[in-house]
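Accompanying notes for the structure given below.
Since this is a predicted model, take the numbers as computed values, not measurements. Computed from heavy atoms alone, side chains included, the values below leave out hydrogens, waters and symmetry copies.
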Amino acid sequence: MKKIKVLIVDDSAIVRNVFSKELSCYPDIEVVGTAPDPFVARDKIVHLKPDVLTLDIEMPRMDGLTFLRKLMKYYPVPTVIVSSLTPKGSRMTLEALDVGAVDVVAKPGGSYSVADIRAELVEKIRAASVANLSRERLPEKEGTREGNAAEKTAPGPAMTETSHKVIAIGASTGGTEAIKAVLTKLPSDVPGVVIVQHMPANFTSAFAERLNGLCQVTVREAKNNDPVVPGTALVAPGNYHMILRRSGARYYVEIKNGPMVHHQRPAVDILFRSTARYAGANAIGVILTGMGSDGAEGLLEMKNSGARTIAQDEKSCVVFGMPKEAIKAGAADRVMPLSAIAGEIIRMV
């Protein structure tokens, strides 16, 4: 078995020691070294050539975000951010994902122990080890909501006749950037959008807030009984499932706890299956980059219920796992690059 070589970068000696001990329990992972800051990490990366980096985002001397920008420019290494749940940590983490980090786990603290995140960290390291860092990227330019609106064509009359349609999107590894690429190209009167992105609790609100500043649609973290209406995108809160419901002509979401599905909460399959049941042919399903198979069965149920379905293609995925499984199951009507998906959604609408 070829082991995944991991370098741990964290200013806390306790975190470095505990992570090294916990990760070494897995036969497919080898911790080749640790570093207390980016300056030490830089030399160890060149010498040890790790397959994956775990990177603390808030460190003295040089923060993880600054280091990551330099790393992705000169010596790209798949990186999993280990971040605190503070507002500052959440903001910096989202910027790190924008720069090129593959995924994020919440840093243990208080009652939140390493044991709680061990399995999650291992899965994210495995996903990062096969990540496509040279994937198709959209232009890096980011503007305000008004700036993005000026770059897009105004919607036609068809977009105003879709109040009873729903767009359901699911993503995991690499999904924060993929979702941004899609949402920033959708017009302000697009049908209601519901989104599941595998992400720890407390990060989804910052993710939604960041998107809200970039998109023509209003983006927010979903709350129980929120209506699904045109011009609004609801992001499932971390650690809760999101279910689409219908009452007459009105769609709304239910936010609830429950067992993990495919080791995930929120799970894409939960959202897609409920969308198949309550929206049927009035829905469009989109499955984006991600590790594993979450969403494949749900997308097939959507297709069988009459919904139109889209899967992101391999070349533009960070990890071609979830879309691959959906395509294998025959769940995707269309397979296309990330840059074309928003246009196809508009065409389908």
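A salt bridge links R273 with E297; the closest basic N to acidic carboxylate O contact falls under 4.0 Å. Between K180 and D98 a salt bridge is recorded (basic side-chain N to carboxylate O distance below 4.0 Å). With salt bridges taken as basic N to acidic carboxylate O contacts below 4.0 Å, none links K2 and D28. Under 4.0 Å is where a charged nitrogen must lie from a carboxylate oxygen, and between D333 and R308 no such pair does.
Side chains of E221 and T204: a donor on one and an acceptor on the other come within 3.5 Å. For the residue pair H198/D294, the side-chain donor-acceptor check at 3.5 Å is satisfied. At a cut-off of 3.5 Å, with distance as the only test, no side-chain donor of N17 or S20 sits close to an acceptor on the other residue. D269 and H262 are linked by a side-chain donor-acceptor pair at a separation below 3.5 angstrom, with hydrogens and angles left out of the test.
Around atom NZ of K324, no more than 12 heavy atoms belonging to other residues, nucleotides or ligands sit under 6.0 Å away. Environment of CD in E58: crowded, with over 12 heavy atoms of neighbouring residues, nucleotides or ligands closer than 6.0 Å. Within 6.0 Å of atom OH in Y252, more than 12 heavy atoms from other residues, nucleotides or ligands are found, so the atom counts as buried in its surroundings. For R277, the CZ atom is loosely surrounded, since the number of other residues' heavy atoms within 6.0 Å does not exceed 12.
For R91, the salt bridge (charged side-chain N to carboxylate O under 4.0 Å, His left out) test picks out no residue, with sequence neighbours left out.
Interatomic distance, I195 CD1 to L234 CG, rounded to the nearest 0.5 Å: 8.0 Å.
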